[in-house]
2 protein chains.
Amino acid sequence: MCTPYHNASCANCQDRFGSILFKAEKCNLEEIESAKVCTTYKKGQIVFQEGAYPFGIYCVNSGKIKLSHCGDDGREQIVRLAKPGDIIGYKALLSAERYTASAIALDDSSVCFIPKDLFMSILQKDASLSLEMMRILASELRKAELKITHLAQKPVRERLAETLLFIKETYGVEQDGSTLNVRLSREEIANLVGTATESAIRLLSEFKKDGLIELQGKKIRLLNPEELTRTANLQD
Amino acid sequence: MCTPYHNASCANCQDRFGSILFKAEKCNLEEIESAKVCTTYKKGQIVFQEGAYPFGIYCVNSGKIKLSHCGDDGREQIVRLAKPGDIIGYKALLSAERYTASAIALDDSSVCFIPKDLFMSILQKDASLSLEMMRILASELRKAELKITHLAQKPVRERLAETLLFIKETYGVEQDGSTLNVRLSREEIANLVGTATESAIRLLSEFKKDGLIELQGKKIRLLNPEELTRTANLQD
DNA sequence: CCCTCACTTTGATACCCATCATTGCCACCT
DNA sequence: AGGTGGCAATGATGGGTATCAAAGTGAGGG
């Protein structure tokens, strides 16, 4: 949404067209620009933490952010992957509660912060922005409910295949056209799928043996997306 | 939100205070009143169906409605339980897609219908209403993500205990103060928990043996909610 | 009244998958 | 080089659950 420099213009941001904030009326966008603060985070750094009170929302300018719950037994559950143009932290802000998930950088990232009061006041006077906000919320909710259904009904193998395709959808691929454009640990993949790390490893090996993917370290190449889709056994 | 009679006033609706629509400005609420259509549904009847295009939103006046996905293998997954005052069908409307879930009456119910164009236009001019709408969406999203984490990390036994408490939260209890105020089949309970019907039955029997609950037909009495909470192993 | 049908219950079985443990691999550091 | 720590891979095992099958229960209807 904004460049890493405080006085930069949102209008010059690399991913501005994908961002919700660009739906705001021009004068409001300018107001946001003048108030936002941009920060860079190194890989692994925390943007905000579960349990804390929100003071505003964040908009990803560059990099990759994971949003994850900490389950009751301490295991991580990744609930969302954010890319440039996405906003994060809005759920807690809108429901006026504490964060229910932590946001952690998967890569070196740059993230803009927009103070709570400003955002909420603009939300009240900018119908276009708030409609877009609702659209995002509804869409996230749809995805979440689909994930619930799949977690309840599908075996790990299918969910892993689906997750690989989801990662591709989200972060895309490298120049070769097939290598996933993000480095996730096996544990993170497992926490995205909702399974044990060892199961994720085992099934990735199986996929490799079946010629579906290629593995070298954390790089994952999707050799056969069509067959992977079939493995995921998706209806829609 | 409204009584079963077309010309009834939302202001007289039994659950109006719990309803989002009551957050709308007075003039807008009146506009809604004059346009809404109230329909009654017998137990088991469909309010709207997965895959159909939305023509408006619904507000539950009386009764109980379940919202459920149909999984890829045909098994049902219940994603929400709606009670009087709740609105349903907003997700599809806001994201401008087809319904991803069906709404089915669990009891004889009365539901108001508000046409799409009217609702969307009021949403655009009524900041208070749209803010409340966002609050609801954010809250639903929070619940969905918690459910994802629990599905991924908790055994069926804990999830069943949690579900029983959730049902109590949602629909309350009868005059005796402990019997759940809704009749769900074992299959529906299983589809809410995300497990097989037989597993749900078996664990309900265990709960009964352990003195946590009492069963007679579809009536379920929670004898020991505290112990049930402990069984659910909830952190928060 | 008994029949029927749907739902519930219980039992037996198999298997998916989590867990524990071990080994291997690689990068990094001293 | 050798040590160290983190992560990945593989194996062995047990348990939680799904599935299949069959019997029991209950309500409604002819």
Side-chain angles (χ1 to χ4, degrees), chain A residues 43-44 71-77 104 106 149-164 180 182-210 213-221 231-233, chain B residues 42-44 66 71-77 104 106 149-164 180 182-210 213-221 231-233:
Chain A
K43 176 172 177 168
D72 293 350
D73 54 351
R75 229 175 67 207
E76 174 188 58
Q77 176 65 40
I104 299 171
L106 290 171
T149 305
H150 289 178
L151 268 170
Q153 300 188 357
K154 291 176 159 230
V156 177
R157 185 182 170 86
E158 295 181 16
R159 300 208 311 270
L160 176 60
E162 194 180 346
T163 299
L164 291 177
L180 294 183
V182 61
R183 299 297 130 84
L184 295 169
S185 71
R186 302 295 193 255
E187 189 181 3
E188 284 172 323
I189 293 174
N191 293 343
L192 205 42
V193 173
T195 187
T197 308
E198 297 92 325
S199 298
I201 290 173
R202 247 180 275 269
L203 288 166
L204 281 174
S205 303
E206 272 190 36
F207 285 178
K208 179 181 169 186
K209 204 179 58 191
D210 297 348
I213 62 174
E214 209 174 85
L215 298 169
Q216 26 185 339
K218 297 193 175 176
K219 287 167 73 170
I220 300 177
R221 280 190 67 191
T231 303
N233 189 25
Chain B
K42 291 229 165 281
K43 176 174 177 166
K66 70 172 173 183
D72 293 349
D73 55 351
R75 229 175 67 207
E76 173 189 55
Q77 176 65 39
I104 299 170
L106 290 171
T149 305
H150 290 178
L151 268 170
Q153 302 188 354
K154 290 176 161 229
V156 177
R157 185 182 170 85
E158 296 181 14
R159 301 209 308 271
L160 176 60
E162 195 179 346
T163 298
L164 292 177
L180 294 182
V182 61
R183 298 297 130 83
L184 296 168
S185 71
R186 300 296 193 253
E187 190 181 3
E188 284 172 322
I189 293 174
N191 293 343
L192 206 41
V193 173
T195 187
T197 308
E198 296 93 326
S199 297
I201 289 172
R202 248 180 273 271
L203 287 166
L204 281 174
S205 302
E206 273 190 34
F207 285 179
K208 179 181 167 186
K209 205 179 57 191
D210 297 349
I213 62 173
E214 210 174 85
L215 299 168
Q216 27 186 337
K218 296 195 174 175
K219 286 167 73 172
I220 299 177
R221 281 190 67 190
T231 302
N233 190 25

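From a predicted model like this one, the values you see are computed outputs, not experimental measurements. Lettering of chains follows the sequences in order, A, B, ..., and the numbering in each one begins at 1.
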* Answer with base, sugar-phosphate or nothing: what part of the nucleic acid does Lys218(B) contact at a heavy-atom distance below 4.0 Å? =>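 If one applies the 4.0 Å heavy-atom cut-off, Lys218(B) turns out to touch the sugar-phosphate alone, with no base involved.
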
* Asked: Taking side chain as C-beta onward, heavy atoms only, is Gln153(B) less than 4.5 Å from Asp72(A)?
  -> no

* Asked: Are side-chain heavy atoms of Ile213(B) and Leu164(B) found at a separation under 4.5 Å?
  -> yes

State, to 0.1 Å, how close [X] and [Y] come at their nearest heavy-atom pair, and which atoms those are.
| X | Y | value |
| --- | --- | --- |
| Ile104(B) | Gly44(B) | CG2-O, 3.6 Å |
| Leu151(B) | Ala152(A) | CD2-CB, 4.2 Å |
| Thr195(A) | Arg75(A) | O-NH2, 3.9 Å |

Measure from [atom1] on [X] to [atom2] on [N] and round the result to the nearest Å.
| X | N | atom1 | atom2 | value |
| --- | --- | --- | --- | --- |
| Arg186(B) | dT10(C) | CZ | P | 10 Å |
| Leu184(B) | dT8(C) | CG | P | 10 Å |
| Ile220(A) | dA9(D) | CD1 | C1' | 14 Å |
| Glu206(A) | dA9(D) | CD | C1' | 13 Å |
| Glu187(A) | dA8(D) | CD | C1' | 12 Å |
| Phe207(A) | dA9(D) | CZ | C1' | 17 Å |
| Ile201(B) | dA22(D) | CD1 | P | 18 Å |
| Gln216(B) | dT9(C) | CD | P | 12 Å |

* Taking protein heavy atoms under 4.0 Å as touching, what does nucleotides 16-27 of chain C look like 5' to 3' if B marks base contact, S marks sugar-phosphate-only contact and - marks none? -> -SSBB-------

* Selected nucleotide, minimal atom distance to Ser205(B) side chain, candidates dT10(D), dA8(D), dT10(C) ->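 Comparing dT10(D), dA8(D), dT10(C) against the side chain of Ser205(B), the answer is dT10(C).
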
* Note: Lys218(A)-Glu188(A) ion pair, threshold 4.0 Å (strictly below) -> no

* **Lys209(A), Lys219(A), Arg221(A) screened by salt bridge (Lys or Arg N to Asp or Glu O under 4.0 Å) with Glu214(A), the one that passes** => Arg221(A)

Using atom types as modelled, flag every donor-acceptor pair under 3.5 Å from a side chain in residues 199-207 of chain A to any protein atom, sequence neighbours excluded.
from, atom 1, to, atom 2, distance (Å)
Ser205(A), OG, Ile201(A), O, 3.1
Glu206(A), OE1, Arg157(A), NH1, 2.6

* How would DNA chain C look in dot-bracket form, 5' to 3', counting Watson-Crick and G-U wobble pairs with both distances under 3.5 Å and writing | for bases paired to another strand? -> ||||||||||||||||||||||||||||||

* To do: Return yes if some donor-acceptor pair links the side-chain N/O of Arg159(A) with the main-chain N/O of Gly194(A) below 3.5 Å, else return no.
  =>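 Present.
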
